[in-house]
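So you know, we letter chains A, B, ... as the sequences are listed, proteins then strands, and number each from 1.
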2 protein chains.
Amino acid sequence: MQIGELARSTGVKIETIRYYEREQLLPVPQRTDGNYRLYSPRDVEQLRFICYCRSLDMSLEEVRLLIGVLDTPSGSCLTVNALLDEKIAEVDARVNELHKLQDQLRQLRGFCQQPDEVKTCGILMELNRSAGIDKAQI
Amino acid sequence: MQIGELARSTGVKIETIRYYEREQLLPVPQRTDGNYRLYSPRDVEQLRFICYCRSLDMSLEEVRLLIGVLDTPSGSCLTVNALLDEKIAEVDARVNELHKLQDQLRQLRGFCQQPDEVKTCGILMELNRSAGIDKAQI
DNA sequence: CCTTGACCCTGAAGCCACTTCAGGCTTTTC
DNA sequence: GAAAAGCCTGAAGTGGCTTCAGGGTCAAGG
């Protein structure tokens, strides 16, 4: 199949597929006489694997690592476990950060219920005040 | 004060300060005879304002917008309210996404409690299954 | 046979928010 | 007078793509 069909059947943009090839996440495909890329069902699977890993917030570097591990079936999967543990910790930390951010944003939003003039807008006043308080505290 | 002192008193790296200047988030500073940048207390405040906005996950473009609004005190703060509402919605959406991701990652992690061989590792098998691959068959 | 349009190719640049690097100038301190 | 600390510029690198410019290939229709 050509790149367009691969793109349609995985939902990945053509440019992204070519990018993954450059980044060595997909093998170099065969070519037609007209220099078109030719893919096999195996390539569809590999691309799906990449997408699924990406949907789990893994970096391309991490996906590359996983693909490498998969290619040595007799090795140990220790690195996979470590990778996942790290991911989980990262996501937990990010969620905590975002929860704090939610509180801050909602509180800030409460300072201006209806449109004011800029000079009396509670949000802008609070933004300035908070920036100044950080100054006093640090 | 020179750029080094501004950096120390705000915790912002020198390179980032110069970057903010290029990006027109900080005004073009005066210079000494030796071509060193000279900053005023006003600049410290503006840089702190930028940092605080960044800590609220605003883009530099959004900070630029806020600075612009602040510079016209008699204008309306409608755009500020809209900006915050949008931010809040964004963060809420991201938190929801990450919660789902947490579940997925923890579930996946459960598939391999102790180090296996790659070919029997539950995590890798599940990753493949979810993506629609079964490398064991290849 | 020719053209149109869909499809494909490459390499380079753009995005964001910085960071890093290479190479050089200024000022202070010993 | 020489080293060290501080500053300068412009360019390139980061990640994960996307977009762009300027082409080549191929099947169908006139």
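Atom CZ of A:Arg8 is separated from atom P of C:dA6 by 13 Å (rounded to the nearest Å). Separating the CD atom of A:Glu15 from the C1' atom of C:dC8 is a distance of 11 Å, rounded to the nearest angstrom. When the P atom of C:dT20 is taken as reference, atom CD1 of B:Ile17 falls 15 Å away, rounded to whole Å. We find that CD of B:Gln24 is positioned 16 Å from C1' of C:dA17, with the value rounded to whole Å. Between B:Leu47 atom CG and C:dA17 atom C1' there is a gap of 14 Å when expressed in whole angstrom units. Look at CD on B:Glu61: it is 13 Å from C1' on C:dA17, rounded to the nearest Å. Protein atom CE of B:Met58 is 17 Å distant from nucleotide atom C1' of C:dC16, rounded to whole Å. What separates CD1 of B:Ile3 from P of C:dT26 is a distance of 17 Å, to the nearest Å.
Placement of A:Met125 and A:Leu105 in two distinct hydrophobic clusters is found when ILVMFWY residues are connected by side-chain heavy-atom separations under 4.5 Å, directly or transitively.
Using a 4.0 Å cut-off between a side-chain N of Lys or Arg and a carboxylate O of Asp or Glu, B:Glu61 and B:Arg64 qualify as a salt bridge. Checked for salt-bridge contact, A:Arg94 and A:Glu97 meet the test: a charged N lies under 4.0 Å from a carboxylate O. Classification of A:Asp57 and A:Lys87 as a salt-bridged pair fails, no side-chain N sitting under 4.0 Å from a carboxylate O.
Counting heavy atoms of neighbouring residues, nucleotides and ligands inside a 6.0 Å radius, atom CD of B:Gln24 does not exceed 12 of them. Heavy-atom neighbours of B:Glu15 CD from other residues, nucleotides or ligands within 6.0 Å: above the threshold of 12.
We find the CD-CZ distance between B:Gln2 and B:Arg8 to be 9.0 Å, quoted to the nearest 0.5 Å.
Note on B:Glu23: nothing from the nucleic acid sits closer than 4.0 angstrom, heavy atoms only.
At distances below 3.5 Å, not a single donor-acceptor pair connects side-chain atoms of A:Thr16 with backbone N or O atoms of A:Val12. Here the side chain of A:Glu126 pairs no donor or acceptor atom with the backbone of A:Gln107 at under 3.5 angstrom.
A sub-4.0 Å separation between OP1 or OP2 of C:dT20 and a side-chain N or O of B:Lys13 is present. Within the structure, a side-chain polar atom (N or O) of B:Arg54 is placed less than 4.0 Å from OP1 or OP2 of C:dC18.
With distances taken from any side-chain atom of B:Thr16 to the nucleotides C:dT10, C:dC7, C:dC18, the minimum falls on C:dC18.
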Assess whether side-chain contact (heavy atoms from CB on, under 4.5 Å) is satisfied between A:Arg31 and A:Arg37, documenting all intermediate values.
CA-CA 5 Å; A:Arg31 299 278 182 145; A:Arg37 286 171 178 82; 3.5 Å; yes
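Residue B:Ile14 is the one, among B:Arg22 and B:Ile14, whose nearest nucleotide of DNA chain D lies closer to the 5' end (criterion: closest heavy atom). For the pair B:Ser59 and B:Gln2, both in contact range of DNA chain C, the more 5′-proximal nearest nucleotide belongs to B:Ser59.
Here the shortest heavy-atom pairing between A:Glu62 and A:Met58 reads OE1-CA, 3.3 Å. Looking at every heavy atom in both residues, A:Val63 comes nearest to A:Cys53 through CG2-CB, 3.6 Å.
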For nucleotides 28-30 of chain C, print each protein N/O atom paired with a nucleotide N/O atom at under 3.5 Å, atom names and distance only.
none

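For residues 25-41 of chain A, proximity to DNA chain D is found at A:Gly34, A:Tyr36, defined as any non-hydrogen atom under 4.0 angstrom from a strand atom.
Protein chain A contacts DNA chain D from D:dG16 to D:dC26, reading 5' to 3' and using non-hydrogen atoms of the protein with a distance under 4.0 Å.
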